[in-house]
Amino acid sequence: MTGTKYETDVHVYDSGRTGPTTVVIGGIHGNEPSGYRAATQIASWRVKRGELVVIPRANEVAIGQNSRYNDNGDLNRQFPPRSGDPRTPLARAIWKEVVKYDPDWVFDLHSARGIYKSGDGSVGQAMFPTWTSPARSFGERVVGDLNEAFGLTGTPAYRMGNTLDADRDMLMHRVAGLLDVPGFLCETTRKGTTTSEQIRWHLYCVEHAMNQYGQPRGIPKPPFEFDAGMVWLDDYWKTFTVDNRYSHPAIVAPALSHAGDDPAHARITGLTGNTFDARVEEWAYLNDLHLEERAGFVMANPGVYAAEGGNAIEVGRKHVNHEWHSVSFDTAFDSTPVLFAMPQSTVGDDPIIARIQNASRDGFQFRVQEEDAGHENEYHYDEMVSWMAFEPGRDSLGSHDYEAKRVTADDSWTHVDFSRSYQRPVFLADVMSYNGWNSVTVRWKNLTSSGVDFLLEEEQSDDSETGHAEETVSYLTIDG
């Protein structure tokens, strides 16, 4: 309706990633401010996948007059549900926009003067689903969780309304009858509530439903550009070259194979844009001569990323020493991520590893740790330590399938079966808890396309025993 008094904005956000298209409409009735004010907030949302299309103020004339009607009557009675064109120019323009974006889900936001099924004949506090599955089942979960979240009980509690089955001349009935896609006519009540409360309920309903069908809010993260591989190491420094070039690289390679029995770990230094130096480092009480071992590594720039399926990945690096340092994630992980940390410098001469504790969905703590002997007076210079956090589960990075998981393990060999087969498995593992204070690393053997064995390995600088408390072990397996 450009150039007319009905002109209004259509907000379109395309995440650039495959996913559902959601259309949200507010302001069909100008005297129902919670609908168009909530839709105005939704117009600023970003989604991690798919497309979000919002017409927040569909009926500008009615909104300007704070009226249910515009010059042509009730806009929401102008949409024949099964055939024919909408009856007014504005109704036709709105429908043209809806059809243009080929929606997978549609929401129409309203408010009512009363309470649904209270005897006053009103429709407030209800979600009315289209007849297309899974609208009703998703709506029932929304209603139940909304009532619990906002403490709504008794008469003002939300309910599921009757099914919109294309028998009335309303926008959402036409969505059901002609498009046959799931969606909701969302109604709050103006009776005994504030507009602010109604807006919060609308926002909750839309976001909760979108989460269920796989379109969470959030700024889409860039793809994860990385190098991963398995390298052969011994006690001499070797230089390795990767395919990509990084501006300020982070790298993790925290777990060694188990060819040699002496406790050891990988040590990395000398990172450039596309190279790094690495070797096997034994603890100071040993002779630092070691058989050739294998280690899996991942190298990337710090930042927040997303895998193909949307799983979050965050990479960072920080100067830390022997004291615990805290990290707060920039991304919103759904649960505690799978964590890896590793020194990438050699400022101090003493052998060190990185240790992690207090991991949660919000962040973690880490430090460098020397061998157990003399731990009462432990001190170490600041080292640059890289860390990587992966949303738990299976996903892919381009053509590389991967899985990131947490398991519990101790000083006995533990076998893990991968959830899929990997032709060229790159394997990383780390200790991401601090149940035992002794210096400990992960060692592995028998890596195949379908599984691996690993254990927690203590060193013996302070005493001869190697028993270790059960720890949370993170592992990442990726097709190299």
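In this chain, numbering begins with 1 at the start of the sequence shown. Values below: every heavy atom of this structure, side chains too, minus hydrogens, waters and symmetry copies.
Contact of the Met432 side chain with the Thr336 side chain is registered, since non-hydrogen atoms from C-beta on lie closer than 4.5 Å. Taking the side chain as every heavy atom from C-beta outward, Arg141 and Gln212 approach each other to under 4.5 Å. A 4.5 Å side-chain heavy-atom check between Met388 and Ile313 finds every atom pair outside the cut-off. Counting heavy atoms from C-beta outward, Val181 and Val175 have side chains that approach closer than 4.5 Å. By the 4.5 Å heavy-atom criterion applied to side chains, Leu428 and Val426 are counted as neighbours. The shortest side-chain heavy-atom distance between Tyr402 and Arg394 does not fall under the 4.5 Å cut-off. Side chains of Glu403 and Ile478 form no contact here, defined as non-hydrogen atoms less than 4.5 Å apart. Side-chain atoms of Ser133 and Pro182, non-hydrogen and from C-beta on, never get closer than 4.5 Å to each other.
Scanning for salt bridge (Lys or Arg N to Asp or Glu O under 4.0 Å) contacts around Arg68 gives Glu32, Asp74, with sequence neighbours left out. Among residues two or more places apart in sequence or in another chain, the side chain to side chain contact (heavy atoms under 4.5 Å, CB included) test is passed with Glu308 by Asp395, Ser396. Considering only residues two or more places apart in sequence or on other chains, Glu391 meets the side chain to side chain donor-acceptor pair (under 3.5 Å) condition with none of them. In terms of the side chain to side chain donor-acceptor pair (under 3.5 Å) criterion, Asn31 has no residue partners (sequence neighbours excluded). The salt bridge (Lys or Arg N to Asp or Glu O under 4.0 Å) search around Arg317 returns none, not counting sequence neighbours. Scored by the side chain to side chain donor-acceptor pair (under 3.5 Å) test, Asn211 finds no partners at all (sequence neighbours excluded). Here Glu51 pairs with nothing under the salt bridge (Lys or Arg N to Asp or Glu O under 4.0 Å) rule; sequence neighbours left out. With sequence neighbours left out, Asn147 forms a side chain to side chain contact (heavy atoms under 4.5 Å, CB included) with Val143, Leu152, Ala157, Tyr158. Listed by chain and number, the residues in a side chain to side chain donor-acceptor pair (under 3.5 Å) with His400 amount to none (sequence neighbours excluded). Residues satisfying the salt bridge (Lys or Arg N to Asp or Glu O under 4.0 Å) criterion with Arg424, sequence neighbours excluded, are absent altogether.
The line from CZ of Arg200 to CG of Leu203 is 9.5 Å long, rounded to the nearest 0.5 Å.
Taking the six-membered ring where tryptophan is involved, the planes of Phe329 and Phe364 are tilted, since the angle between them lies from 30° to 60°. Below 30°, between 30° and 60°, or above 60°: for Phe224 and Phe390 the angle between ring planes is above 60°, a perpendicular geometry.
In summary, Arg174 and Asp169 do not engage in a salt bridge, as defined by a charged side-chain N under 4.0 Å from a carboxylate O. A salt bridge links Asp401 with Arg420: at least one charged nitrogen is closer than 4.0 Å to a carboxylate oxygen. Here Lys5 pairs with Asp71 in a salt bridge; the nearest charged N to carboxylate O distance falls below 4.0 Å.
Minimum heavy-atom separation, Ala135 to Pro129: CB-CB, 3.8 Å. Between Asn162 and Tyr116 the shortest heavy-atom distance is N-OH, 3.2 Å. Heavy atoms only, all atoms of each residue included: Leu146 and Cys205 are closest at CD1-SG, 3.4 Å. For the residue pair Ile115 and Thr155, the shortest heavy atom distance occurs at CG2-O, 3.3 Å. Closest non-hydrogen pair, Arg49 versus Gly214, comes out as CD-O, 3.1 Å. Across all their heavy atoms, Ala253 and Ile268 have their closest contact at CB-CD1, 4.0 Å.
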Given side chain to side chain contact (heavy atoms under 4.5 Å, CB included), test Ile25 with Val23 step by step and report yes or no.
CA-CA 7 Å; Ile25 300 167; Val23 170; 4.1 Å; yes
Any chance you could lay out the ring-ring contact (aromatic ring centres under 6.0 Å, His included) test for Trp324 and Phe366, step after step, and finish with the verdict?
CA-CA 5 Å; Trp324 291 105; Phe366 69 153; 8.6 Å; no
Determine, step by step, whether His202 and Gln198 satisfy the side-chain hydrogen bond (donor to acceptor under 3.5 Å, both in side chains) criterion, reporting the C-alpha distance in whole Å, the side-chain angles of both residues, the deciding distance to 0.1 Å, and the verdict.
CA-CA 6 Å; His202 272 320; Gln198 298 165 43; over 6 Å; no
Go through Val47 and Met210 one step at a time and tell me if the side chain to side chain contact (heavy atoms under 4.5 Å, CB included) criterion holds.
CA-CA 10 Å; Val47 289; Met210 290 172 65; 3.6 Å; yes
Show the numbers, then the answer: is there a side chain to side chain contact (heavy atoms under 4.5 Å, CB included) between Trp444 and Thr414?
CA-CA 9 Å; Trp444 56 267; Thr414 298; over 6 Å; no
Trace of the ring-ring contact (aromatic ring centres under 6.0 Å, His included) decision for Tyr204 with Phe150:
CA-CA 10 Å; Tyr204 186 96; Phe150 291 93; 5.6 Å; yes
Between Trp45 and Leu52, is a side chain to side chain contact (heavy atoms under 4.5 Å, CB included) present by the stated rule, with each step listed?
CA-CA 8 Å; Trp45 288 2; Leu52 177 63; 3.8 Å; yes
Verdict with reasoning, Thr239 to Asp277, per side-chain hydrogen bond (donor to acceptor under 3.5 Å, both in side chains):
CA-CA 4 Å; Thr239 299; Asp277 299 332; 2.6 Å; yes
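In this structure, Trp105 has its ring center closer than 6.0 angstrom to the ring center of Tyr213.
Taking the ring centre of Tyr434 as origin, the terminal cationic atom of Arg355 falls outside the region bounded by 6.0 Å and 45° from the ring axis.
Within a 6.0 Å sphere centred on NZ of Lys191, other residues, nucleotides and ligands contribute 12 heavy atoms or fewer. Atom CD of Glu225 sits in a sparse spot, with 12 or fewer heavy atoms from other residues, nucleotides or ligands closer than 6.0 Å. Within a 6.0 Å radius of CD in Gln423, no more than 12 heavy atoms belonging to other residues, nucleotides or ligands are found. More than 12 heavy atoms of other residues, nucleotides or ligands sit less than 6.0 Å from atom CD of Glu470.
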For residues 94-104, please give each side-chain donor-acceptor pair under 3.5 Å, one per line with the distance, not counting sequence neighbours.
{"from": "Asp104", "atom 1": "OD2", "to": "Thr21", "atom 2": "N", "distance (Å)": "2.8"}

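Of the candidates Asn244, Val298, Ile251, Asp227 forms a side-chain contact (heavy atoms from CB on, under 4.5 Å) with just one, namely Asn244.
Among pairs with a residue in residues 163-192, those fulfilling ring pair (Phe, Tyr, Trp, His ring centres under 6.0 Å) read Phe107-Phe184, at least two apart in sequence or across chains.
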